Amino acid sequence: MTGRAEVIGEHGTPGIRSPKETIMTAVRAAAAGLALLSAAACTTPPPPRSQAGTAAGTVCARPRGIPGPETATTIDIIEQAYFCILGNHYGGATLDARSLLTAGFVALTQELNRDGRDLPEATMPALTGDRGADWAAFEAAYRKITDKVPGLRDRLAVVTLEAVVAALGDDHARWTHDVRTPPDHYDGDGYDLGVEANVSGPQVDGDPGAALPPLFVTAVPGGAARAAGLRPGDVIESINGSAPFVDGKAGPAIAALYPRYPEARPVELRLLRQSTGRRRTVTLKPGLYPQDPATLRVVTSKLLDDDVAYVRLRGFASDSANRVLKAVSRLRAGRTLSGLVLDLRGNGGGSPAEATRLVSAFVHGRVTAYQCTVDDRCQAMWTDGTVELLGLPLVVLVDRGCASACEHFSAAVKDLRAGRLVGTRTAGVVSGPAQPYLLRNNTVLSLPARHHLGPDREVIDRIGVPPDHHVPPTPEDAAAGRDPALVKALTLLHE
């Protein structure tokens, strides 16, 4: 996992990212979307408190530029976010808002307990289901509590708002705040341990049941891991003394492999190199390191044996579909290609329009996905008939790092029979296209206004897209530098 920001567009994937992307990702700051880069920060004036419940649709606005410096999160910011969610999230109209306020109050009291400052005043007010009245009751209780602990006020506001957003249970809903960069950071630098594994931190957070043992190193891009001599295929038996898997399920210890700045605590790993049977313990400290520029490119390509084109797409960024098509055209010059392998492993998503455009190079006149309201009024996303068909057999490589717009594309390829999928099931992180909203403290709340369904109107979110041919990675393959999924793809193209 590296410090590179993940590629995020309308259909970005906050929370989930390529192991080469910093959070999922990156990730997690990228939830604001590329929209933040295109326009001047502004928001509509807050409505009077007496009108807040009726002004939900205008309580927050889309950002028109890069936000100014972040200011403190307060109860007024929590209020703005609360009504922004109710007015703009696709489920806001039918949501029981009491679930948001309850989650926020739980987080508030837990933080008081962690600080050893629990208060007799910290009791949940009665809620009736009236959104405006319930907010007023919540705010009164909140202010009464925080007035008693002024030194904790800032932290309590942050954990409360984080919990309110998390209570949506939506992988594309995110509050982006407190984004910091190392002072010596240079464009393209990574910040972490310099190790990638077959299970990512975001995968553990989102769906630990999908991760399978053993935990092993898949790549060593640099940093402390390279200096310590780690190699692909090394099995990680413990992290800071804890087993990575507990009762067959990925445990919280794995998250320590993926620190984000300013986290700087050393991480102790117990490693097994299966080829020699040697066990050793290393301590890695997070830090900055330069990355290989090739790993930062959105599109890379090469010609494989038997005139098969191989193209790797790391994210559905702006113009990425055209870049893939140009790469294929260059490989095709002067020869007849026998097929295309499109590698989407670790592709964290991006623009749904780019996903649709790329599908259009393989099939015309079909629906690639549906974007639906909470009452099931759906808008079809049709292929673009102006995109020239490639006319090549297609195999797509996918894994648990393929999320959001990557799953949009993969499901379309599978359902429309435009090609075959090889690898492992995708992430299941495709709630719906996220739109950013600017809060008054210059933080960003990202919310999907519609939810995503596949071409056959199937739910993909939290389920993922299964491959046509299941080819999971192994530590033995990683150690030997083998890519069994690619080998399977070539076998299929040569049938």
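All values derive from a computational prediction rather than experimental measurement.
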Student: Which residue, Val217, Asp192, Ile236, forms the side-chain contact (heavy atoms from CB on, under 4.5 Å) with Leu257?
Tutor: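 That would be Ile236.
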Student: So, does Arg420 use its side chain to make a donor-acceptor pair with the main chain of Leu493 at under 3.5 Å?
Tutor: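 The answer is no, because no donor-acceptor pair under 3.5 Å joins these two groups.
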Student: Any side-chain to backbone donor/acceptor pair from Asp189 onto Tyr186? Under 3.5 Å, distance only.
Tutor: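 Between the backbone of Tyr186 and the side chain of Asp189 there is a qualifying donor-acceptor contact (under 3.5 Å).
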Student: Under 3.5 Å, is there a donor on one side chain and an acceptor on the other for Thr73 and Asn441?
Tutor: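 Asn441 and Thr73 do have a side-chain donor-acceptor pair below 3.5 Å.
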Student: Salt bridge or not for Arg265 and Glu263, using N-O below 4.0 Å?
Tutor: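 A salt bridge is present here (some side-chain N lies under 4.0 Å from a carboxylate O).
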Student: Do the ring planes of Phe362 and Phe409 sit parallel (below 30°), tilted (30 to 60°) or perpendicular (above 60°)?
Tutor: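 Phe362 and Phe409: perpendicular rings.
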Student: Is it the case that the side chain of Arg425 and the backbone of Val465 share a donor-acceptor pair, with hydrogens and angles ignored and the cut-off at 3.5 Å?
Tutor: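 Side chain of Arg425 to backbone of Val465: no pair is present.
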Student: Show me, pair by pair, the donor-acceptor contacts under 3.5 angstrom made by side chains of residues 157-170, not counting sequence neighbours?
Tutor:
| residue | atom | partner | partner atom | Å |
| --- | --- | --- | --- | --- |
| Thr160 | OG1 | Leu156 | O | 2.7 |
| Glu162 | OE2 | His177 | NE2 | 3.0 |
| Asp170 | OD1 | His172 | N | 2.7 |
| Asp170 | OD1 | Ala173 | N | 3.4 |
| Asp170 | OD1 | Ser431 | OG | 2.8 |
| Asp170 | OD2 | His89 | NE2 | 2.8 |
| Asp170 | OD2 | Ser431 | OG | 3.0 |

Student: Does the side chain of Leu313 come within less than 4.5 Å of Val298's, by heavy atoms?
Tutor: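 Yes - at least one pair of side-chain heavy atoms lies under 4.5 Å apart.
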Student: Supply the atom-to-atom distance Leu447 CG to Cys60 SG, rounded to the nearest 0.5 angstrom.
Tutor: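 Interatomic distance, Leu447 CG to Cys60 SG, rounded to 0.5 Å: 7.0 Å.
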Student: With a 4.5 Å cut-off on side-chain heavy atoms, are Leu304 and Leu486 touching?
Tutor: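 In contact.
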Student: Do Gln371 and His451 have side-chain atoms, one donor and one acceptor, less than 3.5 Å apart?
Tutor: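 Side chains of Gln371 and His451: no pair found under 3.5 Å.
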Student: Which residues pass the ring-ring contact (aromatic ring centres under 6.0 Å, His included) test with Tyr261, not counting sequence neighbours?
Tutor: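 Checked Tyr261 against ring-ring contact (aromatic ring centres under 6.0 Å, His included); matches are Tyr191.
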Student: Restricting to non-hydrogen atoms, name the atom on Leu230 and the atom on Arg280 that form the minimum distance, rounded to 0.1 Å.
Tutor: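 Looking at all heavy atoms of both residues, the shortest contact is N-NH2, 3.8 Å.
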Student: Taking the side chain as C-beta and beyond, is there a heavy-atom pair between His469 and Val395 under 4.5 Å?
Tutor: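 With C-beta onward as the side chain, the pair stays apart.
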Student: Working to the nearest 0.5 Å, report the span between CD1 of Ile460 and CD of Glu407.
Tutor: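 That separation rounds to 7.0 Å.
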Student: If every non-hydrogen atom of Leu152 is compared with every non-hydrogen atom of Leu112, which pair is closest and at what distance?
Tutor: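 What the structure gives for the nearest pair is CD1-CD2, 4.2 Å.
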Student: Any side-chain to backbone donor/acceptor pair from Thr368 onto Met381? Under 3.5 Å, distance only.
Tutor: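 Between the backbone of Met381 and the side chain of Thr368 there is a qualifying donor-acceptor contact (under 3.5 Å).
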Student: With a 3.5 Å cut-off and no angle check, do the side chains of Asp292 and Thr295 form a donor-acceptor pair?
Tutor: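 No, no side-chain donor-acceptor contact under 3.5 Å.
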Student: Charged N to carboxylate O under 4.0 angstrom, Glu354 versus Arg357?
Tutor: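 Salt bridge absent between Glu354 and Arg357.
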Student: Could you tell me whether the side chain of Pro67 reaches within less than 4.5 Å of the side chain of Leu438, counting heavy atoms only?
Tutor: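 The answer is yes; the side chains approach within 4.5 Å.
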Student: Quick one: list whatever passes ring-ring contact (aromatic ring centres under 6.0 Å, His included) with Tyr82, sequence neighbours left out.
Tutor: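 Expected list: Trp135.
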Student: With rounding to the nearest 0.5 Å, note down the distance linking CG in Leu215 to CD1 in Ile239.
Tutor: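 It comes to 5.5 Å.
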Student: So, does Asp399 use its side chain to make a donor-acceptor pair with the main chain of Cys402 at under 3.5 Å?
Tutor: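 Yes: the side chain of Asp399 pairs with the backbone of Cys402.
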Student: Which pair of non-hydrogen atoms, one from Val311 and one from Ser301, has the smallest distance, and what is that distance?
Tutor: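 Of all heavy-atom pairs spanning Val311 and Ser301, the closest is CG2-CB, 4.0 Å.
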Student: Can you confirm whether Arg312 sits close enough to Arg297 that some side-chain heavy atom of one is under 4.5 Å from a side-chain heavy atom of the other?
Tutor: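 They are not in side-chain contact.
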Student: Indicate yes or no for a side-chain donor-acceptor contact from Arg270 to the backbone of Gly241 under 3.5 Å, with no hydrogens or angles considered.
Tutor: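 No, because the side chain of Arg270 does not come within donor-acceptor range (under 3.5 Å) of the backbone of Gly241.
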Student: Please report the shortest heavy-atom distance between Val430 and Ser404, naming the atom on each side.
Tutor: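 In this case the closest contact between Val430 and Ser404 is CG2-O, 3.7 Å.
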Student: By the definition side-chain contact (heavy atoms from CB on, under 4.5 Å), identify the one residue from Ile75, Asp76, Ile77 that meets it with Glu79.
Tutor: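 Exactly one pass, corresponding to Asp76.
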Student: Using a 4.5 Å cut-off on heavy atoms from C-beta on, say whether the side chain of Val328 contacts that of Leu337.
Tutor: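 They are in side-chain contact.
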Student: For Asp154, give me all partners under side chain to side chain contact (heavy atoms under 4.5 Å, CB included), at least two apart in sequence or on another chain.
Tutor: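 For Asp154, the residues satisfying side chain to side chain contact (heavy atoms under 4.5 Å, CB included) (neighbours in sequence not counted) are Ala72.
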Student: Look at the side chain of Arg332 and the backbone N and O of Leu390, then say whether any donor-acceptor pair between them is shorter than 3.5 Å.
Tutor: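 Such a contact is found between Arg332 side chain and Leu390 backbone.
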Student: Mind checking the OG1-CG spacing from Thr176 to Leu445? Nearest 0.5 Å is all I need.
Tutor: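 Output value for this atom pair is 8.5 Å.
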Student: Would you check if Leu325 and Leu358 make a side-chain contact, meaning some heavy-atom pair closer than 4.5 Å?
Tutor: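 Result yes, sub-4.5 Å side-chain heavy-atom pair found.
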Student: Just to verify, what does His470 make a side chain to side chain contact (heavy atoms under 4.5 Å, CB included) with, not counting sequence neighbours?
Tutor: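 Partners of His470 by the side chain to side chain contact (heavy atoms under 4.5 Å, CB included) criterion, ordered by chain and then number, come out as Thr424, Pro467, Pro472.
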Student: Step through the shown structure and confirm whether more than 12 heavy atoms of other residues, nucleotides or ligands are within 6.0 Å of CD on Gln110.
Tutor: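 Above 12, so yes.
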Student: Enter the distance from Asp461:CG to Asp171:CG here, rounded to the nearest 0.5 Å.
Tutor: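 Answer for the CG-CG pair, Asp461 versus Asp171, is 4.5 Å.
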Student: Would you say the side-chain atoms of Ser360 pair up with the backbone N or O of Thr356, donor to acceptor, closer than 3.5 Å?
Tutor: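 Confirmed, Ser360 side chain pairs with Thr356 backbone.
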Student: Over all heavy atoms of both residues, which pair between Asn240 and Pro266 is shortest? Give the atoms and the distance, please.
Tutor: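 That closest heavy-atom pairing would be OD1-O, 4.0 Å.
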Student: Are any of the side-chain heavy atoms of Arg400 and Ser200 separated by less than 4.5 Å?
Tutor: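 When only atoms from C-beta onward are counted, Ser200 and Arg400 do not touch, as no gap falls below 4.5 Å.
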Student: Do you know which two heavy atoms are closest between Leu331 and Leu303, and how far apart they sit?
Tutor: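 Closest pair (atom of Leu331, atom of Leu303, distance): CD2-N, 3.8 Å.
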Student: Once ring-ring contact (aromatic ring centres under 6.0 Å, His included) is applied, do any residues pair with Phe216, and if so which ones, sequence neighbours excluded?
Tutor: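 Checked Phe216 against ring-ring contact (aromatic ring centres under 6.0 Å, His included); zero matches.
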Student: Any sub-3.5 Å donor-acceptor pair from Gln291's side-chain atoms to Gly188's backbone N or O?
Tutor: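 Yes.
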Student: Has the side chain of Arg153 got a donor or acceptor atom that lies under 3.5 Å from a matching backbone atom of Thr146?
Tutor: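 At least one qualifying donor-acceptor pair exists.
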Student: Can you tell me how far CG of Leu439 sits from CD of Glu70, rounded to the nearest 0.5 angstrom?
Tutor: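 So the CD of Glu70 and the CG of Leu439 are separated by 10.0 Å.
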